[in-house]
Amino acid sequence: MSAALKDNQAADLSRYMSALGQAARTAAAELAYAEPQQKNQALLAIAEALDQRREFILQENARDLDAAAKEGLAKAMIDRLELDHGRVDAMIAGLQQVAALADPVGEISELSYRPSGIQVGKMRVPLGVIGIIYESRPNVTIDAAALCLKSGNASILRGGKEALHSNQAIYSCIQQGLQQAGVIDTAVQVINTTDREAVGQMLQMQDSIDVIIPRGGKALIERISGESRIPVIKHLDGICHVYIDAAADPQKALDIAINSKTRRYGVCNAMETLLLSSAIAAELLPRIVAAMVTHGVELRGCERSCQIDSEQIRPAIDSDWYTEYLAPILSIRIVDGLQQAIEHINHYGSKHTDAIVTENLSHAREFLRRVDSSSVIVNASTGFADGFEYGLGAEIGISTDKLHARGPVGLQGLTSQKYVVFGDGNLRS
């Protein structure tokens, strides 16, 4: 390719991205004052369009799956890419649930009178324009569009090249729903180029985009965090733990461990390390091993766990405790009790999701207080760390940062607050 042709393509991409940004900024100003009823109508119209055009969506998804298989895409990525009727139904349900949620925009809270006579509170307002960069999962197109729209934000969505046809098919449904409800159709824009430079330009558009949310692998998120001139809401890894306490109910512990690991392997809330109290290990570990092997899970364990079963558990190395496998691989460590479990999680974990299985209430409370993660769970699967399951309708991502938003990011995480002051002619002395 000649240098002149490359320059022309770069200029065309720059103009395209600039136009997207300008359109989004205009749409954001309009959306900030849209009535809740109109936004809900748009969401329900999009849901109806998805239902009507599901065969077309699945057909386009099949094109992406075929190309992914030919390119040798990893199984975890293909699992995230694949759509079926159940996943289309889940997208529709997510839209309906978001529509049913209370609109956060304009909500006033924390009103209080000051000695001066003024009344001070906080009002929720949209962030403005949100850029979402994601890989594989076409359902993110719907989740992101729904949550941004409901929270009064315009969005610019950039999916991975492996999901191009799926995302464009879903985008056609979004456009149909927006137009049907009379919402400005640039409220949601899906980038239609697979050029990697589009991401680079997006990360520099601080005049057009207010926040970037990446969803994908560690390499993508590290790149975005390093290059972005725009604030980023992110998590890098999902190194999730389940700790089975000495006071755990054995059957409950077994069921939770199996579900946390084997429900889906390629998701960030899957258990990657199992911690087991030494007081219960001899009794319970053989049952857990047998169940995991039945599911085809490779086991890597500490010295004590290998002593219990050296046939099915191979020795773990230190890097295993830091690894998000996103695959049927599980690390196992036997610990001396609650204190050592918490120390392991806070040292090796990624501050995503960690669970304890116990019937001891004081142990559960200590675990909740001391484990420094965005979701801490008692007696339930780590698979519940999800915006839909938390009642957010859907999530646009999970944040392990501590500023602004933490954990699954739903409607409130996509808004900010401004102070509002009410007076009656009050003057400051």
Side-chain angles (χ1 to χ4, degrees), residues 238-263 265 269-325 327-350 352-368 370-373 375-385:
I239 304 174
C240 303
H241 301 78
V242 172
Y243 166 58
I244 300 177
D245 188 47
D249 175 281
Q251 188 59 48
K252 190 182 294 183
L254 178 64
D255 293 341
I256 289 171
I258 294 169
N259 185 260
S260 293
K261 183 60 192 176
T262 67
R263 187 187 69 88
Y265 297 114
N269 58 17
M271 173 179 65
E272 303 291 21
T273 297
L274 174 68
L275 302 174
L276 190 60
S277 171
S278 57
I280 200 172
E283 170 195 352
L284 191 56
L285 184 57
R287 295 175 62 190
I288 293 174
V289 168
M292 292 295 177
V293 169
T294 299
H295 283 87
V297 177
E298 176 188 331
L299 303 174
R300 304 176 185 180
C302 67
E303 184 178 348
R304 286 197 284 183
S305 62
C306 289
Q307 288 173 353
I308 292 176
D309 190 335
S310 60
E311 202 170 304
Q312 300 294 347
I313 305 174
R314 70 180 183 86
I317 59 177
D318 192 58
S319 62
D320 284 313
W321 312 121
Y322 290 106
T323 300
E324 181 185 26
Y325 298 113
I329 304 172
L330 177 67
S331 298
I332 301 174
R333 182 183 180 191
I334 295 174
V335 295
D336 291 328
L338 180 64
Q339 174 69 25
Q340 193 173 28
I342 292 171
E343 289 173 355
H344 179 103
I345 291 169
N346 287 340
H347 179 75
Y348 292 102
S350 60
H352 190 295
T353 301
D354 299 291
I356 183 173
V357 185
T358 186
E359 301 302 309
N360 185 312
L361 182 58
S362 65
H363 284 193
R365 286 176 173 168
E366 185 173 358
F367 190 86
L368 289 173
R370 294 182 54 205
V371 169
D372 185 22
S373 298
S375 286
V376 186
I377 296 174
V378 176
N379 290 334
S381 169
T382 60
F384 284 106

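Quick note: residue numbers are just sequence positions, from 1.
A pairwise comparison of heavy atoms in A253 and A248 identifies CB-CB, 4.3 Å as the closest pair. Minimum interatomic distance between I313 and I332 (heavy atoms only, all atoms of both residues): CD1-CD1, 4.4 Å. For the residue pair S278 and R304, the shortest heavy atom distance occurs at CB-NH1, 3.9 Å. Between N346 and V371, the shortest heavy-atom distance links the atoms OD1-CA, 3.7 Å. V289 and D309 get closest at one heavy-atom pair: CG1-OD2, 3.4 Å. L330 and K261 make their closest contact through CD1-CD, 4.2 Å (heavy atoms, listed as atom of the first residue, atom of the second, distance).
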Problem set entry | Derivation of the side-chain contact (heavy atoms from CB on, under 4.5 Å) call for V376 and D354 | CA-CA 5 Å; V376 186; D354 299 291; 5.5 Å; no
Exercise. Going through the distances and angles, do M271 and R263 end up as a side-chain contact (heavy atoms from CB on, under 4.5 Å)?
Worked result: CA-CA 10 Å; M271 173 179 65; R263 187 187 69 88; over 6 Å; no
Problem set entry | Working for side-chain contact (heavy atoms from CB on, under 4.5 Å), residues I345 and F367 | CA-CA 10 Å; I345 291 169; F367 190 86; 3.7 Å; yes
Problem set entry | Audit row: I308, I334, side-chain contact (heavy atoms from CB on, under 4.5 Å) steps and yes/no | CA-CA 10 Å; I308 292 176; I334 295 174; 3.6 Å; yes
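At a threshold of 4.5 Å between non-hydrogen side-chain atoms, the residues H241 and S373 do not count as touching. Here the side chains of Y243 and I342 are not in contact, with every heavy-atom distance at 4.5 Å or above.
Here C240 contributes atom SG and E272 contributes atom CD; the two are 7.0 Å apart, rounded to the nearest 0.5 Å. The CD1 atom of I239 sits 12.0 Å away from the OG1 atom of T353 when rounded to the nearest 0.5 Å. Within the model, atoms CG of D320 and CZ of R300 stand 5.0 Å from one another, a figure rounded to the nearest 0.5 Å. Remark: I244 CD1 to D249 CG distance equals 10.5 Å, nearest 0.5 Å. If you take NE2 on H347 and CD on Q340, they are separated by 12.5 Å, rounding to the nearest 0.5 Å. Atom CG in D245 sits 5.0 Å away from atom CD1 in I356 (nearest 0.5 Å).
Counting only distance, with no hydrogens or angles, the side chain of S305 and the backbone of R333 share no donor-acceptor pair below 3.5 Å. No donor-acceptor pair under 3.5 Å is formed between the side chain of E359 and the backbone N or O of A247. S260 places no side-chain N or O within 3.5 Å of a backbone atom of A257 that could act as its donor or acceptor partner.
Heavy atoms of other residues, nucleotides or ligands lying less than 6.0 angstrom from CZ of F384 number 12 at most.
The aromatic rings of W321 and H344 lie perpendicular to each other, with more than 60° between the two planes, well past the 30° mark.
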